[in-house]
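Let me begin by presenting the structure, written as structure tokens, before commenting on it.
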There are 2 protein chains.
Amino acid sequence: MTAKRVPPAQLAPQLRDAITRLNRRVRQARPVGDLTVTQLSALTSLRLAGALTPRELADVERVQPPTMTKIVAKLEERGLVRRTPHPTDGRQVILSATEGGQAVLDQFERVRDEWLARRLAELTEPDRETLRQAAEILQQLARA
Amino acid sequence: MTAKRVPPAQLAPQLRDAITRLNRRVRQARPVGDLTVTQLSALTSLRLAGALTPRELADVERVQPPTMTKIVAKLEERGLVRRTPHPTDGRQVILSATEGGQAVLDQFERVRDEWLARRLAELTEPDRETLRQAAEILQQLARA
DNA sequence: CGGGTTCATTAGCTAGGCTAACTATTGTGA
DNA sequence: TCACAATAGTTAGCCTAGCTAATGAACCCG
């Protein structure tokens, strides 16, 4: 794959379409049970952090608080997340993954035949390396 | 950025989260007027192809026909897309971009201060090259 | 101590997807 | 030639994913 200098204004539509289409495809493939990608992502962030407030989790996931309220409600309904009162501030709650939530994530991390992992396994090593680097840059862009 | 061998099962969550978060961000930034990213993408595909049936456009955009029916209805409402009867098959319609639709896309292609284009302009050339290559791979994954 | 700020939630909305079912049209085989 | 199967697009209904504005409870600061 030879390098071609593509100006940002031309790369933007290409990247946007790629992101849009892959996102659709990824969302259809429920990686674990019937959790949505959004729920899975929030649960993963919660587990990585140990505990977060709804506002913090919303920030990490790049959504507004009301959206996170609903996501967390679903996870709580399924027993995957617990809420505890904030030790010093009555306005806040502390969220953490329950053992059930951790188990779901453990299972997810071991899945090798999940759609995206399988597709990635079919790529060449250099292509995977490109995507690994791209993932970091894309996360950076999302934080901008 | 040194290369690190990351197995596919580990890369999958990283890539998925990156895609999910950037997709959210990209959707908030309406690149042209008040067209959504989905509408813009469909209109772009239509313009590139010259004319497509709803089924064909749905295939290109990786959505189901009922979804494309609704997307096209919105574009038609705004006078950006026209429907014409199929010359030989009464079941089908032919979709094409109107002059208004083409003008919108011309305008979009000239926008340099659109959010994503600006973010990309701020990256290093090697990072942009990584994303250019990644966009191709991601499109390929979306077609899988 | 009162007003402003913060936190999370609720209400209401749009967009984006899907499946199942439907209607109209075409194609095929007996 | 006709009946049935298949196809194309749409409609209905549903769920997910987001947002903003408003609300109530709690906290902070002058």
Side-chain angles (χ1 to χ4, degrees), chain A residues 16-17 19-31 33-43 51-78 81-95 142, chain B residues 16-17 19-31 33-43 51-78 81-95 142:
Chain A
R16 179 182 302 110
D17 278 358
I19 297 281
T20 297
R21 292 192 185 130
L22 187 59
N23 191 63
R24 280 173 183 145
R25 190 59 190 82
V26 150
R27 282 179 173 284
Q28 290 170 4
R30 297 289 182 95
D34 60 351
L35 283 185
T36 67
V37 162
T38 297
Q39 291 163 349
L40 193 56
S41 184
L43 192 57
L52 291 169
T53 66
R55 155 75 69 177
E56 288 166 341
L57 186 51
D59 284 343
V60 167
E61 293 295 299
R62 323 302 302 168
V63 298
Q64 295 297 318
T67 299
M68 188 50 67
T69 295
K70 293 196 274 195
I71 293 165
V72 166
K74 291 292 183 84
L75 291 171
E76 196 182 11
E77 248 174 60
R78 298 162 180 274
V81 151
R82 90 165 49 78
R83 297 162 178 274
T84 54
H86 195 278
T88 60
D89 189 335
R91 290 170 298 182
Q92 304 196 52
V93 292
I94 302 291
L95 305 171
Chain B
R16 180 182 301 111
D17 279 357
I19 296 281
T20 297
R21 292 194 183 128
L22 187 59
N23 190 64
R24 280 174 183 145
R25 192 60 190 80
V26 152
R27 283 183 172 282
Q28 291 171 2
R30 300 287 182 95
D34 60 349
L35 282 185
T36 66
V37 164
T38 298
Q39 291 164 348
L40 193 56
S41 184
L43 191 57
L52 291 169
T53 67
R55 155 74 68 175
E56 288 167 340
L57 186 53
D59 284 343
V60 168
E61 293 294 300
R62 325 302 301 171
V63 298
Q64 294 297 318
T67 299
M68 188 49 67
T69 295
K70 293 197 277 196
I71 294 165
V72 166
K74 292 290 184 84
L75 291 171
E76 198 182 11
E77 248 174 62
R78 296 161 179 275
V81 152
R82 93 168 44 81
R83 298 161 175 274
T84 53
H86 194 280
T88 61
D89 190 333
R91 291 171 298 186
Q92 304 196 53
V93 294
I94 302 293
L95 303 171

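Order of the sequence lines sets the chain letters (A, B, ...), proteins ahead of strands, with each chain counted from 1.
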Start with the C-alpha gap between A/Thr36 and A/Lys74, add the side-chain angles, then the distance that decides, and say whether side-chain contact (heavy atoms from CB on, under 4.5 Å) holds.
CA-CA 10 Å; A/Thr36 67; A/Lys74 291 292 183 84; over 6 Å; no
Looking at every strand, decide which applies to [X] at a 4.0 Å heavy-atom threshold: base, sugar-phosphate, or nothing.
X	value
A/Pro65	base
B/Ser41	nothing
B/Arg25	nothing
A/Thr38	sugar-phosphate
B/Pro66	base

Can you measure from [atom1] ([X]) to [atom2] ([Y]) and round to the nearest 0.5 angstrom?
X	Y	atom1	atom2	value
A/Glu61	B/Arg24	CD	CZ	5.5 Å
A/Glu56	A/Gln92	CD	CD	7.0 Å
A/Leu75	A/Lys70	CG	NZ	14.0 Å

Using a 4.0 Å cut-off to any heavy atom of chain B, which nucleotides of DNA chain C are the first and last in contact, reading 5' to 3'?
C/dA15 to C/dT26
Nucleotide [N], atom [atom2] - distance to [atom1] of [X] in whole Å:
X	N	atom1	atom2	value
B/Gln64	D/dC14	CD	C1'	15 Å
A/Gln39	D/dC15	CD	P	14 Å
B/Ile71	D/dG9	CD1	P	14 Å
B/Leu52	D/dA8	CG	C1'	15 Å
B/Lys70	D/dT11	NZ	P	11 Å
A/Arg55	D/dA26	CZ	C1'	15 Å
A/Glu61	D/dT16	CD	C1'	15 Å
A/Arg91	D/dG24	CZ	C1'	13 Å

Which heavy atom of B/Ala42 sits nearest a heavy atom of B/Ile71, and at what distance?
CB-CG2, 4.0 Å
Minimum heavy-atom distance between A/Asp17 and B/Ser41, given as atom pair plus value:
OD1-OG, 3.1 Å
With a cut-off of less than 4.0 Å, is there a side-chain N or O of [X] near OP1 or OP2 of [N]?
X	N	value
B/Arg24	D/dG18	yes
A/Arg27	D/dA17	yes
A/Gln92	D/dA26	no

What side-chain donor-acceptor pairs closer than 3.5 Å can you find for residues 81-88 of chain A, not counting sequence neighbours?
residue: A/Arg82; atom: NH1; partner: A/Ser96; partner atom: OG; Å: 3.4
residue: A/Arg83; atom: NE; partner: A/Glu76; partner atom: OE1; Å: 2.7
residue: A/Arg83; atom: NE; partner: A/Glu76; partner atom: OE2; Å: 3.2
residue: A/Thr84; atom: OG1; partner: A/Ile94; partner atom: O; Å: 3.4
residue: A/His86; atom: ND1; partner: A/Thr88; partner atom: N; Å: 3.1
residue: A/His86; atom: ND1; partner: A/Thr88; partner atom: OG1; Å: 3.4
residue: A/His86; atom: ND1; partner: A/Asp89; partner atom: N; Å: 3.1

Side chains of B/Arg27 and B/Thr38: is there a donor and an acceptor less than 3.5 Å apart?
yes
How do B/Lys74 and B/Thr67 order along DNA chain C: which one's closest nucleotide is nearer the 5' end?
B/Lys74
Position toward the 5' end of DNA chain D (nearest nucleotide), A/Val63 or A/Asp89:
A/Val63
Want to settle it: does B/Gln28 or B/Glu56 sit nearer the 5' end of DNA chain D, counting the closest nucleotide to each?
B/Glu56
Closest to the side chain of A/Thr36, out of D/dA17, D/dT10, D/dT7, is D/dA17
